[in-house]
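Note on naming: letters A, B, ... go to the chains in the order of the sequence lines (proteins, then strands), and numbering restarts at 1 for each one. Here the structure is a predicted model, which is why all the values come from computation and not from measurement.
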2 protein chains.
Amino acid sequence: MATLTRKQRELKDREAQILKLARPILLREGYQGLSMERLASEMEYAKGTLYNHFPNKEDIVLALAVESLELRFQMMESASTSSSCPRVRLVNIGAASELFASAKEHFAIEAWIRNSTIWDKASPERQQLIQQCEGRCMGIVAGLARDAVARRDLVLPQGLSAEELIFGFWSITYGSQVLSASSPSLAVLGITNPVSTIRHHCYTLLNGFAWQPIMDFQAHEQLMSAESNRLRAQFADYLANSVTH
Amino acid sequence: MATLTRKQRELKDREAQILKLARPILLREGYQGLSMERLASEMEYAKGTLYNHFPNKEDIVLALAVESLELRFQMMESASTSSSCPRVRLVNIGAASELFASAKEHFAIEAWIRNSTIWDKASPERQQLIQQCEGRCMGIVAGLARDAVARRDLVLPQGLSAEELIFGFWSITYGSQVLSASSPSLAVLGITNPVSTIRHHCYTLLNGFAWQPIMDFQAHEQLMSAESNRLRAQFADYLANSVTH
DNA sequence: GACAAATCATGACGCAGCGTCAACAATTGA
DNA sequence: TCAATTGTTGACGCTGCGTCATGATTTGTC
């Protein structure tokens with residue numbers, strides 16, 4: 001019977017299945033394209049069953065974001081342990097952030113959850129999970145800055161904490177990624193290669209803070225592309241798979 | 001008659017009236033809170049009449065954004081002509097940008113239009129208007145950078161155009177503003193004063209590019225707060241009025 | 001001032017999509 | 001074997017967008 005053949009499919013990790021189905025829809029057709037009825041019918045379940053797993057549509061988006069942020073965290077952690085020199089580690093994290101943003105099916109989710117319409121309707125539990133992810137990411141990078149201070153590679157300017165110093169890099173990276181993704185035709189404005197442009201700014205900012213070892217931009221670029229390749233290989237599954245599927 | 005008393009109200013600038021009504025709703029209750037029926041009933045018009053002015057709900061949001069960007073442009077222009085020294089002018093524009101972002105009823109609109117769900121459904125005409133505003137803003141700031149180059153206050157690094165140099169400042173400013181507005185509790189992460197933090201980064205970046213005249217952070221701060229006060233006074237009407245009303 | 005043409009206003013209607021819930025089915029446990 | 005519990009279903013209520021036939025108002029013309 002039809003009922004039986006569906007029952008054979010696991011009942012356990014349906015939540016993961018839902019998310020797996022929802023992610024590409026959200027990527028390809030946006031928030032409008034994702035409807036509970038559609039999700040239900042494509043899964044061959046009734047709508048009510050979905051609501052046994054998620055209290056509302058917004059919570060599905062947050063759940064996707066948790067998955068994505070988990071990936072971001074892993075990439076950042078991998079990048080931050082791939083060297084012993086704090087400045088190099090920070091640059092490597094920059095490469096991780098670039099790579100993450102290039103995977104639109106992950107990065108775009110972050111834009112959705114910063115939308116108050118979505119954030120506010122999701123469950124507090126899920127909201128908290130996201131904040132934890134964010135906190136852990138900040139923890140990695142701020143810790144790294146503190147290492148640099150301990151080693152005397154970096155002197156924090158009067159009035160800036162390690163977290164606040166990192167916030168600048170977070171802002172410029174995230175800001176440029178948002179603008180690149182949403183500003184229709186940066187190229188028309190004269191910005192042809194935003195990624196490389198922002199690399200240049202981060203490099204200048206690092207030198208501006210006199211974060212040792214000072215290097216030239218060539219060396220900076222070489223570090224970034226090397227780490228970028230390493231990460232791309234390490235996380236190929238999570239990046240490529242989810243694009244095609 | 002009831003019909004007459006409403007007719008007495010101007011028939012001409014109803015579009016402006018609609019926007020005036022819509023803005024505070026959008027600010028206070030978000031995109032969900034803004035409904036065509038509500039807008040219509042609060043204006044004492046039928047829904048169909050609204051659709052004589054705007055093809056859809058999204059277009060209203062873009063129209064609001066055009067108004068806001070117009071204000072941003074004026075503030076930037078005022079800031080950029082309030083000194084003859086390019087570096088000071090750029091810092092003043094930074095103050096304008098801070099001030100603009102502090103007016104949530106304007107800044108929040110920008111977040112909405114970067115949402116593809118909204119952008120894509122709006123009319124091409126309105127989309128184009130927005131892009132023009134953006135272009136004009138970039139024009140001011142990039143022109144300023146070019147002035148600096150002409151005066152030998154600034155040497156563009158190999159591979160960066162004036163626009164690309166400006167893009168860095170745009171990204172860090174905008175990024176920090178988005179994060180401040182949407183990251184629930186930056187303070188928990190250790191960022192207590194994002195605005196002043198980003199001032200510090202911009203200052204460091206300017207020095208990093210060796211943009212003359214090099215100054216100390218004290219001087220930078222003083223410039224910013226002076227310009228901030230000047231702008232606040234000049235644009236008091238547009239900032240305060242729209243908050244209360 | 002009378003009448004036609006053009007313009008504008010109206011709100012009932014069709015439709016899509018969210019979330020609920022009473023009814024029903026399956027599973028568990030004794 | 002028969003509760004009791006747990007899981008599934010889809011029709012239903014409701015909100016809100018955008019349309020359009022109908023009717024009102026204005027404009028233009030003689």
Closest non-hydrogen atom pair between B:L34 and B:L39, with its separation:
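For B:L34 and B:L39, the tightest heavy-atom pair comes out as CD1-CD1, 4.0 Å.
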Separation of atom [atom1] in [X] from atom [atom2] in [N], rounded to whole Å:
X     : N      : atom1 : atom2 : result
A:M43 : D:dT8  : CE    : P     : 11 Å
B:M36 : C:dT10 : CE    : P     : 14 Å
A:L50 : C:dC18 : CG    : P     : 10 Å
A:N52 : D:dT5  : CG    : C1'   : 14 Å
B:I18 : C:dA9  : CD1   : C1'   : 13 Å
A:Y45 : D:dG7  : OH    : C1'   : 11 Å
B:Q32 : D:dC14 : CD    : C1'   : 15 Å
A:H53 : D:dT8  : NE2   : C1'   : 10 Å

Nearest-nucleotide pick for [X], side chain only, options being [options]:
X     : options               : answer
B:K47 : D:dT9, D:dC17, D:dA11 : D:dC17
A:R14 : C:dG17, D:dT8, D:dC17 : D:dT8
B:Y51 : D:dG7, D:dG18, C:dA9  : D:dG18

Heavy-atom nearest nucleotide on DNA chain D for A:E37 versus B:N56: which residue maps closer to 5'?
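Checking each residue's closest nucleotide, the 5'-ward one belongs to A:E37.
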Starting from the 5' end of DNA chain C, give me the residue, A:L34 or A:G48, whose nearest nucleotide shows up first.
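Nearest-nucleotide comparison on DNA chain C picks A:L34.
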Counting any heavy atom closer than 4.0 Å, what does [X] reach on the DNA or RNA strands: base, sugar-phosphate only, or nothing?
X     : value
B:T49 : base
A:L39 : nothing
B:K57 : sugar-phosphate

I would like to know whether B:T49 and B:R14 meet side-chain hydrogen bond (donor to acceptor under 3.5 Å, both in side chains); could you show each step before the answer?
CA-CA 10 Å; B:T49 303; B:R14 225 173 353 189; 5.4 Å; no
Does C:dC18 have OP1 or OP2 under 4.0 Å away from a side-chain N or O of A:R38?
no
Does a side-chain N or O of A:K121 approach OP1 or OP2 of C:dG19 to a distance below 4.0 Å, or not?
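Checking A:K121 against C:dG19: at least one side-chain N or O falls below 4.0 Å of OP1 or OP2.
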Between B:R114 and B:E134, does any NZ, NE, NH1 or NH2 come within less than 4.0 Å of an OD or OE carboxylate oxygen?
yes
On the ring face of A:Y31, is A:K57 found with NZ or CZ under 6.0 Å from the centre and within 45° of the axis?
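A:K57 over A:Y31 ring: yes.
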Tell me whether A:Q128 at atom CD has more than 12 heavy atoms from other residues, nucleotides or ligands lying less than 6.0 Å away.
no
